[in-house]
Amino acid sequence: MDFRRIEWLFLVAFIAIDIFLFAAFQHDTTGQTDATTSRSADSDTTIIKEMRTDDIKFGTPSKKSGEGYYVSTSNDDSIKSSLTSLSDQTVRYQSDGTITSTFKTAITGVDTAHPDKALDTVVGNTALILNGSQYKYNQQLSSRNTVVYTQRVTDGQIYSKYGEIRFSLTNTGTVTGYTQGYLTDVTTLREKTETISERKALIWLYQYNQIANNTKIVWTKLAYTRYFNLKNSSVYIPTWVIAVKANSGSNAGVLQLKHVNAFTGAILTSDSNVKTVSGSATTSD
């Protein structure tokens with residue numbers, strides 16, 4: 001039995017359902033009368049005011065829709081054969097397809113406030129990092145002790161460990177090693193599709209109680225996250241990634257990332273929402 005053919009049939013079916021639902025949503029929202037459209041805009045404005053009344057801090061979210069692709073990648077171990085080209089480090093290939101490395105000679109003198117000044121050179125060194133030219137420093141995902149570079153694909157970036165380089169940085173500016181995920185055979189599955197606006201994503205998060213009172217929206221980003229996981233491939237979709245930080249409660253001061261499917265508006269409450277269409281279950285993104 002051709003399992004790969006079955007996987008792709010499942011994939012096409014799921015995407016067809018997504019497209020149908022999104023088209024239905026678009027028809028419902030754009031095919032209304034001017035009066036209905038006006039009421040919808042008024043409703044959104046009212047909800048934005050409610051959010052501010054609930055002491056949720058944020059700027060003026062964009063009302064503009066965007067575009068994005070369904071992106072397919074291969075789940076293979078091709079990167080494993082390239083590990084012998086790396087030097088001055090001990091590298092291990094992990095069961096989830098990522099690699100973990102420890103430098104034999106630590107990188108010192110890294111400016112903790114601007115780590116990319118030193119690490120851009122490291123990432124661009126083919127003897128130290130595989131395919132580093134496809135990654136870009138990501139200040140949003142980085143913290144004091146973790147410096148993140150995200151893989152660039154089509155018209156966006158990957159916000160998932162499977163397409164990131166994460167450097168371990170000490171308080172004294174020393175990098176001891178890194179983990180890396182690399183997506184291979186990146187292809188788009190169909191033409192660009194319209195995405196919801198930043199404003200809609202925030203409103204739906206609020207309406208589904210994913211943003212608590214007395215919270216600050218630190219940043220928002222339209223990026224690609226993993227949606228389907230097949231045996232031999234995965235599919236990534238545009239996702240509104242929204243960073244929130246509560247000012248009170250048990251999560252006070254902790255930066256949390258919320259995810260909204262930018263095609264359908266579905267709230268992705270955790271990485272466990274990644275669908276396994278065929279094969280074994282995946283690890284979280």
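Both backbone and side-chain heavy atoms feed into the values below; hydrogens, waters and symmetry mates do not.
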Counting only N and O atoms by type, is there a donor-acceptor contact under 3.5 Å from the side chain of Asp44 to the main-chain atoms of Lys200?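 Checked: no pair found.
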
Pair Phe263 + Tyr70: ring centers closer than 6.0 Å: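 Centroid separation for Phe263 and Tyr70: below 6.0 Å.
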
Inter- and intrachain pairs under ring-ring contact (aromatic ring centres under 6.0 Å, His included), touching residues 87-109, at least two apart: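 Of all non-adjacent pairs touching residues 87-109, those that pass ring-ring contact (aromatic ring centres under 6.0 Å, His included) are Phe103-Tyr178.
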
What residues, two or more places apart in sequence or in another chain, satisfy side chain to side chain contact (heavy atoms under 4.5 Å, CB included) together with [X]?
{"X": "Asp76", "answer": "Ser74, Ser78, Thr184, Asp185"}
{"X": "Ser81", "answer": "none"}
{"X": "Lys104", "answer": "Asp88, Thr90"}
{"X": "Ser168", "answer": "Thr176"}

Could you work out, with side-chain hydrogen bond (donor to acceptor under 3.5 Å, both in side chains) as the rule, every residue matching [X], not counting sequence neighbours?
{"X": "Thr215", "result": "none"}
{"X": "Thr84", "result": "none"}
{"X": "Ser65", "result": "Glu194"}
{"X": "Ser101", "result": "Gln89"}

Could you tabulate the donor-acceptor pairs under 3.5 Å formed by side-chain atoms of residues 106-131, not counting sequence neighbours?
unit_1 : atom_1 : unit_2 : atom_2 : d
Asp111 : OD1    : Ala113 : N      : 3.0
Asp120 : OD1    : Tyr149 : OH     : 2.7
Asn125 : OD1    : Ala127 : N      : 2.9

Listed partners of Glu198 passing salt bridge (charged side-chain N to carboxylate O under 4.0 Å, His left out), at least two apart: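 For Glu198 there are no salt bridge (charged side-chain N to carboxylate O under 4.0 Å, His left out) partners, ignoring immediate neighbours.
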
For Asp55, all residues meeting salt bridge (charged side-chain N to carboxylate O under 4.0 Å, His left out), sequence neighbours excluded: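 Salt bridge (charged side-chain N to carboxylate O under 4.0 Å, His left out) list for Asp55, sorted by chain: Lys57.
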
Quickly, which of Thr239, Thr150, Asn138 forms a side-chain hydrogen bond (donor to acceptor under 3.5 Å, both in side chains) with Tyr159? Name it, please.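 In the set Thr239, Thr150, Asn138, the residue that makes a side-chain hydrogen bond (donor to acceptor under 3.5 Å, both in side chains) with Tyr159 is Asn138.
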
